[in-house]
Amino acid sequence: MTSVAATILESPKKNLLSRTVGAVWNPTAGSMRFLALLGVIVNAGIIFSGGAVRLTKSGLGCPTWPQCTGDSLVPTHNPEHSAVNMAIEFTNRTLTFLVLAVGVAVFVAARRMSPRRRDLVRLAMLQPLGVVAQAVWGGVTVLTKLNPATVAAHYMLSTLMIFLAFWLYVRTGEGDGPVRRLTGPRIRRLTLTLVGVVVTLLAAGTIVTGSGPHAGDDQARRFGFSIDHVAKIHALLAWAVVALTVVLIIVLHRTGADARIRRAGRLLLAAVLLQGLIGYAQYFLFAYVSENPGHDTLTAVQTNFVGVHMLGSALMWIATLHVLFSERTRPEAAATAR
């Protein structure tokens, strides 16, 4: 009786494991697309976990790299760093292996697909390579004691990884025929301008971060900019993104663009407005607690807003890429072969 119960309890685990292995080793078009989507999710998630490290002042919880402390890969007693900070930083490093595992799975699945699509293999190969590059650069940020320039580059490398992961996700749903544009040159130029301003907005956000109080460690250097000035520049860029998105939505509507493209535009507008709302709440709370110290609860809320804002930046970037790639299509591979 006990053995029967054990078999029943273990069978779901076996089924899940077998399905996972099957999705990687014997991929279908659907499972390949799911794995590619998983790549987008984990690359966005690592931005949030990295933000948690910084906001809890755990950036130097593991003060060296690739070891955590001294000659140990795992946290050991260190009088200069609390056990909590070490655990948070080490957990973030460990999560990198999850992102790497997904990247390797995506690459193996792309190699195993039948018929094999060479462009998918090339894009998939960039997933594990990008994770390795991120890990190495993460080591640089630690060895430079969280220099704000290296931290900013670390974040921008994550946005590049999201772009590559999303591109792969899009390609898994397309064929291998020639690209067919669903919008005219004017909309295309407007969209590319919007993408460029969003990238500038994200980069400006790293300058705000590097000038603000959440350095990741009390001893970390800061940019020499006024937080008030760089935050206002960041806000102006955000309003430029809002304006460009509204113009794009209007032009798409007037030109009778495909409903899918118009939905992508509205989704981006919602993401930008929500991100802006969080950003303003974060800024005004920071200004208030700076002038009225002692409000521990408000300080904690403001810090949490920063973390949500970082996750929101990844989601806004994904929404931007959704607009960019929705304006094109490619025929199915089978149709091309005929």
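Keep in mind that the numbers below use all heavy atoms, side chains included, and drop hydrogens, waters and symmetry copies. Please read these numbers as outputs of a predicted model, since none were measured by experiment.
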Any side-chain donor-acceptor pair under 3.5 Å between Glu327 and Thr191? yes
If only side-chain N and O atoms count, and only distance matters, is there a donor-acceptor pair under 3.5 Å linking Thr94 with Thr91? no
From [atom1] ([X]) to [atom2] ([Y]), nearest 0.5 Å:
X	Y	atom1	atom2	answer
Ile249	Leu244	CD1	CG	11.0 Å
Leu268	Ser326	CG	OG	10.0 Å
Leu143	Thr141	CG	OG1	8.0 Å
Gln275	Gln282	CD	CD	8.5 Å
Phe163	Leu168	CZ	CG	11.5 Å
Ile46	Thr96	CD1	OG1	4.5 Å

In sequence, state the C-alpha distance, the side-chain angles, and the governing distance for Arg181 and Thr329, and then conclude on side-chain contact (heavy atoms from CB on, under 4.5 Å). CA-CA 7 Å; Arg181 300 295 175 190; Thr329 186; over 6 Å; no
Looking only at heavy atoms, what is the nearest atom pair of [X] and [Y], with distance?
X	Y	value
Val208	Val230	CG2-O, 3.5 Å
Asn92	Ser49	OD1-OG, 2.7 Å
Ala264	His322	CB-CD2, 3.5 Å
Ala314	Ala44	CB-CB, 4.1 Å
Leu182	Arg260	CD1-NH2, 3.8 Å
Ala124	Ala110	CB-CB, 3.7 Å

Ignoring hydrogens and geometry, is there a side-chain-to-backbone donor-acceptor pair from [X] to [Y] under 3.5 Å?
X	Y	value
Arg33	Tyr169	yes
Trp137	Thr150	yes
Arg117	Arg171	yes
Arg262	His253	no
Arg180	Arg330	no

Are [X] and [Y] side-chain neighbours, meaning at least one heavy-atom pair lies under 4.5 Å?
X	Y	answer
Arg112	Val24	no
Val199	Trp317	yes
Arg222	Ser211	no
Arg221	Lys145	no
Thr183	Arg328	no
Ile162	Ile47	yes

Under the side chain to side chain donor-acceptor pair (under 3.5 Å) criterion, do Thr209 and Thr206 qualify, and how do the steps go? CA-CA 5 Å; Thr209 295; Thr206 67; over 6 Å; no
For a side-chain contact (heavy atoms from CB on, under 4.5 Å) check, start with the C-alpha distance between Arg188 and Leu324, then their side-chain angles and the critical distance, and finish with the verdict. CA-CA 8 Å; Arg188 183 67 178 170; Leu324 177 66; 3.6 Å; yes
Please answer: with hydrophobic residues joined when any side-chain heavy atoms are less than 4.5 Å apart, are [X] and [Y] in the same cluster?
X	Y	result
Leu267	Leu273	no
Trp239	Leu277	no
Val195	Val251	yes
Leu100	Val121	no
Leu192	Phe325	yes

Can you pull the side chain to side chain donor-acceptor pair (under 3.5 Å) pairs that have at least one residue in residues 154-165, sequence neighbours excluded? Gln134-His154, Gln134-Ser158, Tyr155-Ser313
Does CZ belonging to Phe223 count more than 12 external heavy atoms closer than 6.0 Å? yes
Is any side-chain N of the basic residue among Lys232 and Asp228 closer than 4.0 Å to the acidic one's carboxylate O? yes
Could you walk me through whether Val102 and Gln127 satisfy the side-chain contact (heavy atoms from CB on, under 4.5 Å) test, starting with their C-alpha distance in whole Å, then the side-chain angles of each, then the deciding distance to 0.1 Å, before giving a yes or no? CA-CA 8 Å; Val102 173; Gln127 299 287 308; over 6 Å; no
Using the rule given for side-chain contact (heavy atoms from CB on, under 4.5 Å), can you reason through Leu120 versus Phe107, listing the C-alpha separation, both sets of side-chain angles and the distance that settles it, and then say yes or no? CA-CA 9 Å; Leu120 292 190; Phe107 175 62; over 6 Å; no
Quickly, which of Leu146, Val142, Asn147 forms a side-chain contact (heavy atoms from CB on, under 4.5 Å) with Thr144? Name it, please. Asn147
